[in-house]
Each structure stands twice: as C-alpha cells, then as structure tokens.
Amino acid sequence: MANGKPIYVSRPDLPPLEELLPDLQAIWSSHVLTNAGPYHQRFEQALQDYLGCPHVALCANGTLALVIALQSLRIAGEVVTTPYSFVATAHALVWNGITPVFVDIDPDTCNLDPNRIEAAITPKTTAILAVHCYGQPCDVAAIQQIADLYNLRVIYDGAHAFGVCDEGGSILRHGDVTITSFHATKVFTTFEGGAIICPDAKHKQRVNYLKNFGFANEVTVVAPGINGKMNEFSAALGLLQLRYFERHIAHRRHIDTVLRRGLEDVTGIRCLEFDRARTHNYAYFPILVESQYPLSRDELYERLKRHGFYCRRYFYPLITDFPPYRTLPSAQPDRLTHAREISRKVLCLPIHGGIDEEKAEILARLIREVPR
Ligand SMILES: *Cc1c(COP(=O)(O)O)cnc(C)c1O
C-alpha cells in the first residue's frame, strides 16, 4: 500500500530473529533460493495442514494470487464485485481484461450484499468476486445459490481471512477458488506473499504452471504464465510464523475484548460486530464514527495519530472513487449508498502485537473522553 515510498508497519509480533537464523544459513548454504525449494514445499504443506485445505499454492503476493486465480478459471467479460475493498481486488480483474461491476454492500457485514447481485447480472457476467471484509465471512451459501442459478464462478478474496473458520473449517475453502495475502500489514505475514486455495490437484497444477511462466518442464510452456512464485526466504519466515500464529490471535482477541469494553456506550461510536459463532482472527478493529460523536472521523483519526495511535481508514476512498473506476456505470454513487456511508465513517483501530492491554485502555479513553 506504499506510494512509492516505504511504509512503516509496526510488527512487534514478528518471531524472534534468532529462530530464523538457522533457516537463513540453510538457504545460503544450499543455494536453493526459489522455484519450489524445500522451504516452499514445507510451508505449503504446513499451510495445507493448518487450513485443512489439501491444495494450497504459494504466491509472491496476494494481488498476483488473485490475477492468477482469475486466469486459472479463464474468467472473462464482467464480474460482480464489491467497491468496499482494497483496490487490488478490482485491479486484478482489469489485469485480466475483465470489467468489474460494482454492487453495494450489506451495512451489517461490510460484504457484498447477496440480495443485490442478481440485478447486476448481464449476459456477459461470468463470475462473482467477493471479499471476506475484515475477515467477516461472506454469506457463502447465498452467493453459491446465485452462482448455481446463473452458472457463474465464485472467487473469494480472502486477504483478510487467514485463520477465520466457520462450522466446516477454514473459510478459505469456499468458492471455485480463494486467495489470501501475507503482506506486512496482514494478520499473518511473510512480508510479501500470498496463496491460492485450490479446489483440487488439477486446479493447483494449472495454478503452478501459471505462476511459473507456464512452464510444465524445462522445454515446455503450456500457458502464458507470469512470475508469481514465492521465494525461499518468505517461505522460511512463513513456516516460523505459523508456530506463533495461535498466540498472536489469542493476544488480538484479548485486545479486542479490552477495546470493546472501553468503547461500550460511547455516544456516536459503533464497534462492528463479528459473527461470534465462528473462529475469528481479530485482524481488524473497525469502528464507525457517527454524526452524534463530537469529532468527525478524520478529526478523531488526527487526534489518535497525535497520541501515537496510527489508525487506518479501510476502506476510504472506495475503489469506485478512483479514476480507473469512477466512470463505470456501476460506480455511480447513488447505487452504492451503504458502501459510501460506511467508507465515510470507518476507522480501523490498531490491534496488533504492539498494542498491549494498557495501550488499548489508553486508546479507548482517548476516544471516550474528547475535550469539548
Ligand atoms: C492486501 C489485500 C490484497 C492484496 O494483497 P497483497 O499481498 O498486498 O498484494 C487484496 N485484497 C485485499 C482485500 C487486501 O486487503
């Protein structure tokens, strides 16, 4: 999410560097640096075991994962998607020559509203690309029902959803294909990285071709692939990180509880709720700053920044506000009223390893007690 300059991401929850050093030494002495080396294989296997999904393909980042996932299903024409996401969701469509058709969100979940999808379907529609926003699971049953009715593919952008489970296991298993991201800002990180969760071995084979220039062997190219491979360093980091992941989630869960308690009954502040019946990853702590609150959303953002708490306005502006998209008919503001409203009010509070209980209390107090 950089603008050409480096972004500072607070990650005091990275594993101890000493624990990574033996792996770095092994990579240096083996001279196997990338192209499905031993760390790549082990990390892929570990992810498959952790997620309970047997066909995971590692990727260089989440955006390429999405570009490749769409290619792997040969998606074309128009795809119904959400304006309330990181801009890469729509970019991946455009990089495949696909026209995004934006549909409003359900204000309770911030996810694509299944009730509005059908009205956006045209003869050119081939798929639905939905995002599990903030790790909140989409209504996968409703989306699948529409897809079945209109013979559409379903792709999930699960960039926020690593570690989230519903009754049947990881939510990354849904749809025709799902991607996730391991970027430095995500709940689970390899600095840059991502994965494609494939439905079967055949699909994974195609993805493996696509992420390696289409090479099937040294002299055979079977598709116009791209370079989407994860290197050995990122894979080693991921493998180590996975051992700490449950601990990170437990910490985030605790901070989530502290923040919710601290923000209870604050006039004009609404904490978004996550479906408690499922395992959540506490990747984000989104609040809505309503008009009854004494400060505007941006004034609160600045106030917290002055006190050392760096919040993020995910997702503001909407994807449909950016020049490549805003002239599309489906991007017209009056069609996306819920997304617009939430985008204007939302603030994601910091919830990561650098926020302990004491800091969370201070953060909540700064929001609760605003000097008039
Ligand atoms: C971060 C993110 C991506 C892109 O992932 P990268 O690994 O940064 O390329 C895609 N979609 C969503 C919703 C994201 O938040």
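Atoms within a ligand are numbered from 1 in the order they appear, just like the ligands themselves. Values in this document were obtained by computation on a predicted structure and should not be read as measured data.
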Arg297 charged N/C atom sitting above Tyr316 aromatic ring, 6.0 Å / 45°
yes

Numbering as shown, the atoms of ligand 1 that approach Gly62 to under 4.0 Å (heavy-atom distance):
5 (O), 6 (P), 7 (O), 9 (O)

Any Glu192 heavy atom less than 4.0 Å to ligand 1:
no

When rounded to the nearest 0.5 angstrom, what is the spacing between CD1 in Ile196 and OG1 in Thr178?
10.5 Å

Short version for Thr89: what comes under 4.0 Å of ligand 1, heavy atoms counted, is side chain

Mind checking whether Tyr284 and Tyr134 have parallel, tilted or perpendicular rings, split at 30° and 60°?
tilted

So, Lys229 versus Asn231: side-chain donor-acceptor pair below 3.5 Å or not?
no

So, is His183 polar-close to ligand 1, with some N/O to N/O distance under 3.5 Å?
no

Criterion side chain to side chain donor-acceptor pair (under 3.5 Å) against Thr89, the qualifying member of Thr81, Asp157, Thr63:
Asp157

Atom indices of ligand 1, in the order listed, that fall short of 4.0 Å to a heavy atom of Gly193:
7 (O)

When you compare ligand 1 with Ser85, is there at least one nitrogen or oxygen pair between them that comes in under 3.5 angstrom?
no

Side-chain H-bond candidate by donor/acceptor type, Ser72 with His203, under 3.5 Å
yes

Before signing off on this row, confirm whether Tyr284 and ligand 1 have an N or O atom pair separated by under 3.5 Å.
no

Is Thr63 in polar range of ligand 1, meaning some N or O pair under 3.5 Å apart?
yes

